[in-house]
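As structure tokens, the structure follows; a few thoughts come after it.
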Amino acid sequence: MYKRITKSHFFRTFSSLPNLTSCITTLQSSATNINLHQGKKLHAYMLINGFLTSPISITSLINMYSKCNAISDAFLVFSSSSTSNCELNVFAYNAIIAGFIFNDMPKPALRVYQRMRLAGVTMDKFTFPCVVKAFSGYGDVVGFKIVHGLVFKSGVDHDLFVGSAVVNGYLKFGLMADAHKVFDEMPDRDVVLWNAMINGYAQIGEFQNALECLRKLRAEGNVPSRFTVTGILSVLTLKGDLHNGKAVHGLVTKMGYFSGIAVCNALIDMYGKCKSFLDALDIFEVMAIKDIYSWNSVIGVHQQSGDHEGTLKLFDRMLRDGVFRPDLVTVTTVLPACSHLAALRHGKEIHGYMITKGLGKDDDDTYINNAVMDMYGKCGSMREAQLVFDHMTIKDSASWNIMIMGYAMHGFGHEALNVFHKMREANLMPDEVTFVGVLSACSHGGLVKEGQEFLSQMESRYEIAPTVEHYTCVIDMLGRAGLLEQAYGLLSEMPIKTNSVVWRALLAACHLHGDANLAKIAVRKVIDLEPEHCGSYVLMSNVYGTMGRYEEVSDVRHNMRQQKVKKTPGCSWIEFGNGMHVFGTGDRTHPDEELIYSKLGSLYMSMGLCQTT
DNA sequence: TTAGGGTTAG
């Protein structure tokens with residue numbers, strides 16, 4: 001083994017065989033460059049040459065393994081040293097605790113900390129930042145406060161690194177007043193400490209205070225860092241403040257921070273959420289180096305702009321690009337685009353991708369599985385939605401609501417109510433969304449009696465005040481069932497403000513049952529509440545059309561022209577083979593038009609209807 | 001020899 005190592009190319013980089021000092025220097029470079037291969041060779045060499053009795057070697061090896069994503073090896077070095085003749089000192093404890101924190105493992109970090117205390121090793125200003133982070137990461141507020149006490153006792157409370165960690169810890173627990181007290185008592189403040197406060201205020205939505213911190217930070221002569229910029233951008237994003245967002249964009253240019261990927265990602269997000277979509281896309285395109293956040297943010301931009309096709313195109317580009325694999329965040333952004341477009345094939349592909357990559361298989365992946373279920377539901381595949389639902393170990397109220405809504409949407413009223421009853425059996429309290437689903441299930445399934453009962457139970461039994469959306473479902477339900485007077489009565493007696501949507505539901509019912517008199521009342525209300533909406537004029541003209549009152553049809557059309565209301569032609573589409581097929585009213589442009597209309601004709605025949613087109 | 005801060009999802 002020794003002979004093979006000494007002959008290797010690796011050792012030719014040294015002018016003579018490395019001594020302890022050069023081993024440690026090289027271990028540091030292995031850690032910085034994440035070169036595990038080089039680090040392991042040095043480890044072997046040091047073992048053979050008896051260098052591992054030095055505490056410095058142990059610390060350097062622990063650090064190298066921690067930084068090279070080999071935390072278990074780091075812990076092995078730590079544990080085996082305590083049993084050998086090398087006594088563990090504060091450096092070794094600090095290094096392994098830091099290693100666990102670096103690898104986002106607060107629990108084992110805390111176990112080592114307890115061991116360190118039992119061993120009577122005195123903690124120093126290097127121990128505390130990591131231990132503090134371990135307690136806040138593990139969510140142990142009592143332990144965290146005890147350590148804060150020890151910070152005082154050890155006299156390191158004025159150290160900037162310790163102070164920043166404590167402030168961040170309190171902020172993580174949502175204890176702003178305590179964080180502020182620690183911040184105020186610090187004799188010196190650097191940009192990192194200020195950044196902690198900026199982010200703390202951002203988290204609790206106190207945007208003005210966050211911006212005030214930025215002002216004070218600069219007034220005290222600190223230079224905003226890349227981290228300050230991302231923190232402030234997150235504030236402006238939540239505030240929807242495009243004006244100041246653009247000013248920060250200027251600052252980024254001035255400071256030369258464009259090289260920071262996170263800064264650019266924050267700018268993309270800010271422009272996207274502030275609806276300045278082209279600016280967001282521009283930044284993404286000019287970024288020399290992108291990461292998974294860049295892709296996810298810009299995919300989010302397409303979603304926010306309502307460009308669902310753009311979202312799918314970008315997803316394809318990401319796959320073709322091949323540098324970053326879609327993660328949970330990516331698929332949660334792309335799945336709703338499939339739902340909107342009813343793009344079942346794309347949705348299935350993404351679900352398939354998730355299965356092969358093991359995404360969404362964990363118990364707590366409820367959110368992503370909800371998105372998959374919603375996609376199947378909106379694309380009309382309730383069987384698949386039910387399968388996903390059945391396999392989920394943890395279901396939240398959204399999971400149940402999605403199933404109820406899915407069945408309701410496709411007219412499976414009884415199935416929807418069945419899910420609702422099972423939800424109750426599972427002791428989950430229904431919310432507003434649940435009842436929108438339940439009531440639309442009653443409406444689409446013609447379950448009038450049940451729907452009326454649910455509306456009355458909402459407040460008395462579930463303490464949920466019905467909103468205009470709930471009333472709309474019920475009015476739609478009564479209207480579809482031909483109970484127009486009852487629908488009108490409910491609408492007139494509604495204890496909350498009506499809107500154009502609920503009146504339009506009544507209008508649609510008037511069309512269905514040919515009640516021109518009630519339609520007139522409804523249409524007046526709709527036009528009053530939303531004059532620019534074309535749907536109500538069209539419905540009114542259809543009501544007259546069905547009754548053969550063509551003069552009135554022409555009056556409505558004339559009125560529409562006078563009001564400069566334009567009707568956007570409606571269309572439907574279906575995914576088939578490799579493409580999307582779009583159809584407008586009376587559209588005969590499809591290449592398979594003859595075949596399609598002949599099939600349509602035979603379907604009409606089977607349904608006992610005459611072909612009208 | 002050892003340490004602290006930022007971005008993404010309905």
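Each chain gets a letter, A, B and so on, in the order its sequence line appears, and its residues count up from 1.
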Task: Distance under 6.0 Å and angle within 45° of ring axis: K290(A) vs F284(A) - done: yes
Task: Side chains of N63(A) and S60(A), donor plus acceptor under 3.5 Å - done: no
TODO: Kindly confirm whether the side-chain ring of F227(A) is stacked on the base of dG5(B), judged by centres under 5.5 Å and planes under 30°.
DONE: yes
Task: Nearest to side-chain heavy atoms of V191(A), which nucleotide of dG5(B), dA3(B), dG10(B) - done: dG5(B)
Task: Nucleotide dT1(B), atom P - distance to CD1 of I97(A) in whole Å - done: 20 Å
Task: F78(A) and Y93(A) aromatic centres sub-6.0 Å - done: yes
Open item on the list: What contact category does Y93(A) fall into here, base, sugar-phosphate, or nothing, at under 4.0 angstrom with non-hydrogen atoms?
Closed with: nothing
TODO: Would you mind telling me which of dG10(B), dT7(B), dG5(B) lies closest to the side-chain atoms of Y293(A)?
DONE: dT7(B)
Task: is_close_aromatic(Y170(A), H148(A)), centroid dist under 6.0 Å - done: yes
Task: Nearest to side-chain heavy atoms of V192(A), which nucleotide of dA9(B), dG5(B), dT1(B) - done: dG5(B)
TODO: Measure distances between side-chain N and O atoms of T59(A) and base N and O atoms of dT1(B), and say whether any donor-acceptor pair falls under 3.5 Å.
DONE: yes
TODO: Would you classify A92(A) as touching base, sugar-phosphate or nothing, given that sugar-phosphate means primed atoms plus P, OP1 and OP2, and contacts are heavy atoms under 4.0 Å?
DONE: nothing
TODO: Could you check how far CG of L236(A) sits from P of dT7(B), rounded to whole Å?
DONE: 14 Å
TODO: Could you check how far CD1 of I283(A) sits from C1' of dT7(B), rounded to whole Å?
DONE: 13 Å
TODO: Ignoring backbone atoms, test whether K273(A) places a side-chain nitrogen or oxygen under 4.0 Å from the OP1 or OP2 oxygen of dA9(B).
DONE: yes
- [ ] May I ask whether F91(A) stacks on the base of dT1(B), given the cut-offs of 5.5 Å between ring centres and 30° between planes?
- [x] yes
- [ ] For M318(A) and dT8(B), give me the distance from atom CE to atom C1', rounded to whole Å.
- [x] 11 Å
- [ ] May I ask you to say what V132(A) touches in the nucleic acid, namely base, sugar-phosphate or nothing, with a heavy-atom cut-off under 4.0 Å?
- [x] nothing
TODO: Just call it for V90(A): base, sugar-phosphate, or nothing, with non-hydrogen atoms closer than 4.0 Å on any strand.
DONE: nothing
- [ ] With heavy atoms under 4.0 Å as the rule, sort D269(A) into base, sugar-phosphate or nothing.
- [x] sugar-phosphate
Open item on the list: Any base atoms under 4.0 Å from I299(A), or only sugar-phosphate, or nothing? Heavy atoms, all strands.
Closed with: nothing
Task: Nearest to side-chain heavy atoms of K133(A), which nucleotide of dG4(B), dG5(B), dG10(B) - done: dG5(B)
- [ ] Specify the separation, in whole Å, of atom CD1 of I292(A) and atom C1' of dA9(B).
- [x] 12 Å
Open item on the list: By nearest atom, which of the nucleotides dT7(B), dT8(B), dG10(B) is closest to the V329(A) side chain?
Closed with: dT8(B)
- [ ] Identify which one of L27(A), L36(A), I71(A) satisfies the side chain to side chain contact (heavy atoms under 4.5 Å, CB included) criterion when paired with Y65(A).
- [x] L36(A)
Open item on the list: Categorize D374(A) for me: base, sugar-phosphate, or nothing, with a 4.0 angstrom heavy-atom threshold over every strand shown.
Closed with: nothing
Open item on the list: Rounding to an integer number of Å, can you tell me how far K172(A) NZ sits from dG5(B) P?
Closed with: 7 Å
Task: Quiz item: cation-pi between K67(A) and F102(A), 6.0 Å / 45° - done: yes
Task: Side chain of S225(A) - closest among dG5(B), dA3(B), dG10(B) - done: dG5(B)
TODO: Report the distance from atom CD of Q304(A) to atom P of dT8(B), rounded to the nearest whole Å.
DONE: 11 Å
- [ ] Return the orientation label for the H308(A) and H340(A) ring planes: parallel under 30°, perpendicular over 60°, tilted otherwise.
- [x] parallel
Task: Touch class at under 4.0 angstrom, heavy-atom based, for A196(A) against every strand present - done: nothing
TODO: Quickly work out the I24(A) CD1 to dT2(B) C1' distance and round it to whole Å.
DONE: 13 Å
TODO: Determine the contact category for S57(A): base if any of its heavy atoms lies under 4.0 Å from a base atom, sugar-phosphate if only primed atoms, P, OP1 or OP2 are that close, otherwise nothing.
DONE: nothing
Open item on the list: By the 4.0 Å heavy-atom rule, please label Q28(A) as base, sugar-phosphate, or nothing.
Closed with: sugar-phosphate
- [ ] Under 4.0 Å between any heavy atoms, over every strand shown, what does D190(A) touch: base, sugar-phosphate, or nothing? Just pick one.
- [x] base
